[in-house]
Number of protein chains: 2
Amino acid sequence: MEEKAKRVIKTRLEDLAREANVSKATVSLALNGNPKVAAKTVELITKLAAEHNYTPNSFARRLSKRTSETVSLFMMGKATEYSGWLIPSSWLFYNPIFKGVSLTLSEKHYQFSFEFIDLDGKKRENNIISHAQSSSADGLLILIIDESDYSFLESLDAFLPIITINKKLSDTLSSFEIDNYKGTFDVVNYLATLGHRKIAHIGGPFHAYNAVDRFNGYVASLKEIGVTFREDYVVEGDWNIESGKDGMKTLLNLSEPPTAVFCANDHMAIGAMEAVEEAGLTIPRDISLIGYDDTEMSRVVRPRLSSVSQPLEKLGRMATNEVLRRITAKSAPESKKHVVLPPLLVKRDSCCEPSR
Amino acid sequence: MEEKAKRVIKTRLEDLAREANVSKATVSLALNGNPKVAAKTVELITKLAAEHNYTPNSFARRLSKRTSETVSLFMMGKATEYSGWLIPSSWLFYNPIFKGVSLTLSEKHYQFSFEFIDLDGKKRENNIISHAQSSSADGLLILIIDESDYSFLESLDAFLPIITINKKLSDTLSSFEIDNYKGTFDVVNYLATLGHRKIAHIGGPFHAYNAVDRFNGYVASLKEIGVTFREDYVVEGDWNIESGKDGMKTLLNLSEPPTAVFCANDHMAIGAMEAVEEAGLTIPRDISLIGYDDTEMSRVVRPRLSSVSQPLEKLGRMATNEVLRRITAKSAPESKKHVVLPPLLVKRDSCCEPSR
DNA sequence: GTGAAAGCGCTAACAA
DNA sequence: TTGTTAGCGCTTTCAC
């Protein structure tokens, strides 16, 4: 049992036990706050533990407790878009969610594991299940970004707490999302209040849930303010700057171009700004422009871009607290939670009354 | 041994062994590619493993092998600046490093653990050591961002492979960095070539290593091009937009304002742009401006910001490969690596000849 | 209140 | 080539 100079020497439970003249069991119980241990013993042991800078071997603890103290956040997408810690910048949208999840988890001493599920792989179902297994998470957070069939999650939920973020899948799976309808209505209505009637939309890719949700919101809002929907006022982008630029070019080439355009995210709005600029027009005088997500970039471009801010960090925190609650609860509660948070329109300098 | 409906049922090594009619040991060896196992047995076992979607319990494996298959990336800073996955946006600089590290690690099936060390805590040394212990990493990547005393790392390196990123600490600790001198020389020289002699500098906080390195580079380059250094042409920022704005205001109020200013990062350059704009001046006509880091923002502002691009992802990959090499090597090699990568000046629209 | 002992799932000598 | 056995460091009944 001689310790050679292998690795950094770590004090183990056993070492503390020997020094305190008690058994390993007692040390373990003491450190885990079991009330049956004598106050004096607890005191001695905590003192020793502090002195030796003791931290339990987490692998041993997890193996023994058969929990991983980990919750996984799943996100779907094309494998090519994902690169370890980094997602494409047009997805910056997600960062605050990560932040909320990760902070909440670390406060509760849980691990955060981020899993990327390849959309292209046909067997997303197996993918999720096997990832869930191998990461051996105690709970799952699933970021829903498309319109696929996720019904298999419901049976899984019986064994492993599952929460969906961004979309409510069914009554039986708890969900946390932000109100895309309110967000889009607020922008369309704001534009209408300024006097715009020719309001176009550069949307995200139509396989993306947020994109169709915002598009639907746009259509519904138009109706609400009494403007008839025109198909040529809608173009589909892919969330990236370049696609916004292309979309705006298309719109500008119309015989009757719009006086305002609502983009489904800031990146596309910024691309749109470039197109307007290149066409020799001015924002907002010739075209009013509005984005979505309220990213840092919207404050940095000129004119400053109006946008819709979403309480994403809060969304992440709330969803995480809910999985944690489910994990520690003995059994799955009957009542599932469905939370919808409101976004907020942020007015900057990219909109004004129409000049035509 | 009945399995109640607790958690998702996972196949274990033992299950495979029973089915294959061999011992656990054989299964383990087969799955780990030990050449001594008969080809037929290997085939059978791999087939079974695939059928059962077997993945080893990583906690058990790590406990047994006494490795964590984890490498930690340490970064220092004020605790208030850090929030789980997110670092302040002015630190976006680091993202590509993370990307390189994280990608390389996941290719090699290693875990990535990111540790934030509080600069304010006086005992950074204990901090690093205890973090290293509790995360039980097999190797350490340390991002050096300040000028403190890190000599204690050298003794640690005997037990745990350590690589520093961003700065060479000593001959005995392998390091990977990007040439700040070349980067700054390229910008100063470019400005001089355009005809500028009044070249100011908005630097990062002077406790930050990159900031002083770039400042020194600025001073040295000035000398090289035969321009005398003026103290009033240097202002200290804190990497953030606002500080760049303040810095530029100070510069603009000088009796003899500069015709060009070199900012130590893009964020401050963008703040500087705002100040110029508010002063009713135009970039680059009245003031040439240049940033550092070549972030996405530099392409989005108007005029497009010239900047210095750094091969940070490559830096991260190279450093990671080196720790991995050290981890798998039996003993610490005598020869330490010291790599210095060159940055690249990216010319956009924010610089021209001086008008005065 | 405390200790003994079994066990979590896997790896690795050493035998066979 | 394969099996036996003994841990890895911790938690957790169950006796005492």
Side-chain angles (χ1 to χ4, degrees), chain A residues 1-4 6-46 49 52 54-70 109 133-136 138, chain B residues 1-4 6-45 49 52-70 109 133-136 138:
Chain A
M1 273 296 145
E2 275 304 304
E3 260 145 350
K4 312 261 169 187
K6 50 153 91 161
R7 305 244 156 271
V8 179
I9 301 98
K10 258 200 94 171
T11 23
R12 295 157 306 160
L13 202 54
E14 193 180 340
D15 303 327
L16 295 183
R18 197 180 319 110
E19 264 205 70
N21 264 316
V22 293
S23 73
K24 295 197 304 179
T26 309
V27 179
S28 174
L29 294 177
L31 258 19
N32 289 312
N34 188 310
K36 301 177 111 183
V37 184
K40 259 185 77 174
T41 330
V42 172
E43 196 185 338
L44 171 62
I45 292 177
T46 9
H52 289 74
Y54 171 76
T55 49
N57 177 315
S58 66
F59 301 134
R61 185 158 43 81
R62 289 173 184 166
L63 178 58
S64 178
K65 296 188 75 167
R66 304 155 98 204
T67 67
S68 60
E69 285 160 17
T70 297
H109 304 288
Q133 276 190 184
S134 70
S135 76
S136 57
D138 296 335
Chain B
M1 275 297 146
E2 272 305 302
E3 262 144 348
K4 311 260 168 185
K6 50 151 90 164
R7 307 242 158 274
V8 177
I9 300 98
K10 257 199 95 170
T11 21
R12 294 158 307 161
L13 202 54
E14 192 180 341
D15 303 328
L16 295 183
R18 196 180 320 111
E19 263 205 71
N21 264 316
V22 292
S23 74
K24 294 196 305 177
T26 309
V27 178
S28 175
L29 294 178
L31 257 21
N32 289 312
N34 187 309
K36 302 177 111 182
V37 184
K40 258 186 78 173
T41 331
V42 172
E43 196 186 339
L44 170 61
I45 292 177
H52 289 74
N53 223 306
Y54 172 75
T55 50
N57 178 315
S58 65
F59 302 133
R61 186 157 45 79
R62 288 172 185 168
L63 178 58
S64 177
K65 295 188 74 168
R66 304 152 100 209
T67 66
S68 60
E69 285 160 18
T70 297
H109 304 289
Q133 276 189 181
S134 71
S135 76
S136 57
D138 296 334

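Chain letters run A, B, ... following the sequence lines, proteins first and then strands; every chain starts at 1.
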Given that P35(A) and A25(A) both sit by DNA chain C, which one's nearest nucleotide is further toward the 5' end?
P35(A)

S28(A) vs dC10(D): side-chain N/O to OP1/OP2 distance below 4.0 Å:
no

Check this one for me: any side-chain N or O of N57(A) less than 4.0 Å away from OP1 or OP2 of dC8(D)?
no

Find the distance I45(B):CD1 to dC10(C):P and express it as a whole number of Å.
13 Å

d(CD, E43(A); P, dG1(C)) in whole Å:
15 Å

What heavy-atom pair brings P56(B) and K10(B) nearest, and what distance separates the two atoms?
O-NZ, 3.8 Å

Can you find a side chain N or O atom of T41(B) that sits less than 4.0 Å from OP1 or OP2 on dT2(D)?
yes

Between L63(B) and V37(A), which is nearer to the 5' end of DNA chain C once each is assigned its nearest nucleotide?
V37(A)

Do R62(B) and E69(B) come close enough that some side-chain heavy atom pair is under 4.5 Å?
yes

Taking NZ from K24(B) and P from dA13(C), how many angstroms apart are they, rounded to a whole number?
16 Å

When all nucleic acid strands are considered with a 4.0 Å heavy-atom cut-off, which category describes A38(A): base, sugar-phosphate, or nothing?
sugar-phosphate

For N32(A) and K65(B), take the nucleotide of DNA chain D holding the closest heavy atom to each; which residue's nucleotide lies nearer the 5' end?
K65(B)

Taking OP1 and OP2 of dT4(D), is either one under 4.0 Å from a side-chain nitrogen or oxygen of S23(B)?
no

Just the rounded figure in Å: distance from C1' of dG9(C) to CZ of R61(B).
11 Å

Grab the CZ-C1' distance between R62(B) and dC10(C) for me, whole Å please.
13 Å

Taking OP1 and OP2 of dG9(C), is either one under 4.0 Å from a side-chain nitrogen or oxygen of Y54(B)?
no

Under 4.0 Å between any heavy atoms, over every strand shown, what does N34(A) touch: base, sugar-phosphate, or nothing? Just pick one.
nothing

Spacing of L31(B) atom CG relative to dG9(C) atom P, expressed in whole Å:
16 Å

Take atom CZ of R18(A) and atom P of dG3(C), then tell me their distance rounded to the nearest Å.
14 Å

Is the distance from OP1 or OP2 of dG9(D) to the nearest side-chain N or O of R12(A) less than 4.0 Å?
yes

Taking all heavy atoms of L31(B) and all of Y54(B), pick out the closest pair and write down the distance.
CD2-CE2, 3.7 Å

Heavy-atom side-chain contact between H52(B) and L16(B) under 4.5 Å
yes

Would you kindly give the CD-to-C1' distance between E14(B) and dC10(C), to the nearest whole Å?
11 Å

When you measure from the side chain of T46(A) to the backbone of E43(A), do you find a donor-acceptor pair of N or O atoms at a distance under 3.5 Å?
yes

